[in-house]
Amino acid sequence: MRRFGSNEAKQAATTQVLCDVDHSSHVAYITLNRPDKRNALSVPMRYRMTDLLHELEDDPEVRVIVFRGTGPSFSSGAEINEDWGQRGKHKRFTVEQAYLYSAEMTWGRGGFGQAIARCPKVTIAQLHGYCAAASYFLLASRCDLLVAESGARIGALEARFMGPAAATASLHLVRILGTKGANFTGYTGEAMTAARANNLGLIQKVVPEGELEAAVDRLARDIGARSTGELLFLKARIRFGESILHANVPVVTGLLMSHFLRRESDEHDFFSTVQRGGVKEALMEERRRHGADE
Amino acid sequence: MIEKNVAGSVAWIDIPGPLQADGERGIRSLTDEIRDCMVDDDLKAVVLVLADSVPETARRDTMPNDFPPVTLRSLAGPTGLYEVVAYSSKPVITQVQGTCQGIACLLALYSDITVAGDDVTFHSPFSHVADSNFVMASLTLRHNRAKWWLLSGDPIDARTAVRFGLVQSVAELADLRNRTAEIAARIGRVPSDALTISKMNINACLDALGVGQDFDTSGLLGAAREHPHHLASKGAT
Amino acid sequence: MTESKSHLWNLARPGRHIAAIRRTNRGDSTRLGLDEMVALRESLISVADDDDVKTVVIGTESKHFCSGLRISDAAALYDEAPGGESGKYPSLRARLWAHDHHFWGKDGLYTAIKRCPKVVILANVGNCYGPGLFIALCSDIVVSGESGHFGNPRWHHLGADGDMMMLINAVGLKRARAAALLGTFWDAQDARRVGLIDEVVPDRDAWTSGVSYAEAISGAVRDGLAAEKYLSIAADEKAQVGTGFAIATLMGAMASNIHFREGEFNLLREYQRNGPEVAVRKAIQHFESGSRNRDASDDPDRAG
C-alpha cells in the first residue's frame, strides 16, 4: 500500500514514534519523540501510530495504550509545511490532493485519529506542556481518558492564522466540550488551561506538576488489571454510542477547505512566510500583526 | 413491595428494597404502576423513591442466587422499565441516596429530575448491566466524563454529580424528602398541557439524538459480550 | 454595512472588520419586540454581504439585553399569519407559520444568526431570557457581565415551546430538562460553569470584552472564518439542530392549544382579562409561591 511522506521523514518516524510494551501490567506506551520540533506530527509519524495501534490491537496481552510525548510539550500538532509528496506534481494544489491529505492523513475514516477512536483497547492521553492543533482535536480528544499536568494548555492554537481545521465543526468535540467550549477554542485559537479543560469535560483528571507520569501509570495499571473481556465490552459500548452520536468524522472533512484560502492584501499569508523564512518567522509576523502570544 | 401514594397531583412510588427482589413480577409491577400514572388525568408527575444499596445485576445469568430471574425484555424492551421512564409522557423525578448502582442508577440517569442525598455515590452500571444507555450518559455528563465513569470504575459522589449535571439537587438526608417534595410541588404548579409540551419536546430531541437507537441496539452488544473475541476485531481499518 | 442609529439598534464599526449591533432599548421595558427581531435579522443580512466584516458583536446600551419577548407581541404573534384572524383562536396553520417565520424557519431570526457567515459574538449584560437565551445559544461566542442572568421563564408557564436541542448540546441533557420543567435560571458564573457562555467580566467591561474578542478573531483570514462557519452549519445538522428548530416550531404552535384545568393558572386568560402586566405579576405569585427558588422576585421582567 502506498504511503506518503519524504524518505527522510519515513526513516525518522521509527525513532520519532516509539512503542514500549509492559506485558506484566498489560500497558503499552506510544511515545512521541521529536522534542526539537515539539513533537510535531509528520505524515509518516501518523502512519506509524496507526500501524502501532494495529499491532497492539492484535496483542492479546495489551489492554491499555498510553500516548505521551518527550520534551517540554505533548505535541504542537501536525507538521507545518511538510512535503509529503504533493509538491511539484501540479502547478497548484489540487482538490484531489487536499481530499487525500484531509481524509487519509488527518480527519478521515482512514486517518490516525480514527485508528485511535476505534481502537478496542483503552487509550489514555498523558498531557504536559502544549497539546495543540491536530494533537488536540485528532489525537488527545480521540483517547478515552485524558490526564493532564496542571500547567498543560490545550487548544486549536493554529486556528487564528492557519485557517479552519474543523475544530469547531467536529461533533465529537461538541459532545466532549459542549457547543460553546468547542466554538471558543476553535474560533479564538486560545488555549484552554488544564483546569478549564477539566471544567468543560475534556480532561478528566488534572494532577500537580511532577506527578503526571506516576498518576497515568497508576491509572493504566489499575485498568490493565481488569479482565480483557470486560474491557473489550466497555470499549465496544463506547464505539457503539459514538457511532449513534455521529461523533466520528466531521460531515465534511476538516482541513479540506484550509488548503484553498485566499489571503487578501491586508491579511498575512502565513504559508508564504513559512516557505520564505520558516515557521518561526511566520509566527513572529503573526505576533507583530495581532499580538498573539502563544 | 412497592408502595404508591398520591399527594396532590404527584404520585410517589416508594421502592424500599432491591428492585429485583420480586424478580420479573416486581419489575413488571413497577413498570405497570408508572405507566398507569402516565395515563392518569389527575396526575402531573411521578416520584420514584429508590432505596440505598440496590444490587447491581440485571442479567438472568448473573443474578444473585437470592433473587428470582428478570428478563431483559421487562427491563430493556420497548415496553420495559427503562423506556417507560426515559420516554415518559409526564415528568419523572428520582430520589436517590447512598449507594446508587445498577438498575437504580439507570433510572436516575434516564429520569427527568434527580434529587440526591448528600451521601450518594453513583456507580457505573455499564459493566454489569448490558443494556445501559451510553448515549444518554454521554448527553447528560458530556462524552469524556461518561467514558471516564464507564472505564475507570470511579463512583460519582453528590458534589461531582451536580457539577456533571447528573443530578439537579442535593440535600442532607434529613431534608431529602422535603426537597423532593418541593421540586415535585414546583412541577405540580405547571399546567398539565404545558408539561406535556415540554415532555414532547424532550422526547423528540432524545429520539433525534440517538437515545432510542442506543436502546434498540445495546441488546446486541450484551449478546456479543458472551464472545469477547468478536469485540476485539478491528473497526474501520 | 453603513453606520446608523435607528430607534431600535445602533449599528457601528468599532474596527475595520467588526460590525457592532447594539439594542437601544427604547422605552422602559427590556423585552424584545418583533420589530426589533426583524431589524436585527436585517442587520445581520447586510453584515453578511460586507466583505470587510469578519465578526459581529451584538449587545445592548441598557442594563439588560433581553427580558423576554414583548408581551403585546406575544399576543399578536399570529395577526399577520395566513388564517391568523379567523375564529376565537388562531388556526394551527397560522401558529406554525408564525413560529417558523419569526423564529425557527429560513426567515427567522435564529436561523439568520446560526447561518451568518461571520463569527457572531454576544456581549450580554443583565437579563438574557427567552429570545435572549436563544440568541446566546445561536451565537458563536458569549461573554457576559456579572449581572448576567439566563433562562426561559415562559417554559415554566407554558411548556418548552422553543428549541431545546441547542440547550442540550451546550449544557447537557438533564440541565436542559430542568430548564424546561423547573424553570431553572443561571447566573453568569453558573452559566459559564455549565457551558452556556464563555466568559464573565464586570458589567462595565462586557461590551469592550466582546469587541476585544472580535478583534482577536478578526486576525484570521476571511476565507478561513467563512469556511469554519459553513463547516459548522454542516455539523449542526449532525448535531440535530435543524431537527430541534423543526420541533420548536411544532411545540410553539401547540402552546396555544393548552387547556387550562380548574386550579391551574391560566396565563392566557389573565392576559385577556387583566392585561399583560397584571397577568405576569400573578404568574410570579402563583409559580413561585412556596418555592425556595432563589430567582423569585417581583420583577415583572422575570416572569416570561
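Letters A, B, ... mirror the listed sequences (proteins, then strands); counts begin at 1.
In this structure, chain A has a heavy atom under 4.5 Å from the side chain of Val142(C), while its backbone stays farther away. Using a 4.5 Å cut-off between heavy atoms, Asp266(A) touches chain C through its side chain atoms alone. Neither the backbone nor the side chain of Ala214(C) comes within contact range of chain A, judged by heavy atoms closer than 4.5 Å. Contacts of Ile233(C) with chain A are absent, with no heavy-atom separation under 4.5 Å from either backbone or side chain. Heavy atoms of Ala216(C) lying under 4.5 Å from chain A are absent altogether. Residue contact with chain A, scored on non-hydrogen atoms closer than 4.5 Å, involves the backbone of Ile197(C) exclusively. Contacts of Arg16(C) with chain A are made by side-chain atoms alone, with heavy-atom separations under 4.5 Å and no backbone atom involved.
Between Asp140(C) and Lys180(A) the shortest side-chain heavy-atom distance does not fall below 4.5 Å. Using a 4.5 Å heavy-atom threshold, the side chains of Lys54(C) and Glu267(A) count as touching.
Between chain C and the options Glu264(A), Arg196(A), Arg175(A), heavy-atom pairs under 4.5 Å are most frequent for Arg196(A). With chain C as the partner, the residue from Leu200(A), Thr179(A), Thr188(A), Leu177(A) showing the most heavy-atom pairs under 4.5 Å is Thr179(A). Ranked by heavy-atom pairs shorter than 4.5 Å toward chain A, the options Leu196(C), Asn169(C), Ile217(C) are led by Asn169(C). Note on Ala235(C), Ala226(C), Ser232(C): by heavy-atom pairs under 4.5 Å with chain A, the leading option is Ser232(C).
Side chain of Asp223(C) to backbone of Arg262(A): a donor-acceptor contact under 3.5 angstrom is found.
For the pair Leu225(C) and Tyr187(A), the tightest heavy-atom approach, listed with the atom from each and the gap, is CD2-CD2, 4.4 Å.
To the nearest 0.5 Å, atoms CG (Leu171(A)) and CD (Gln240(C)) are separated by 9.0 Å. Note that NZ of Lys238(C) and CG of Leu245(A) are 11.0 Å apart. Values are rounded to the nearest 0.5 Å.
By the neighbour-count criterion of 12 heavy atoms within 6.0 Å, atom CZ of Arg115(C) is sparsely surrounded, having that number or fewer from other residues, nucleotides or ligands.
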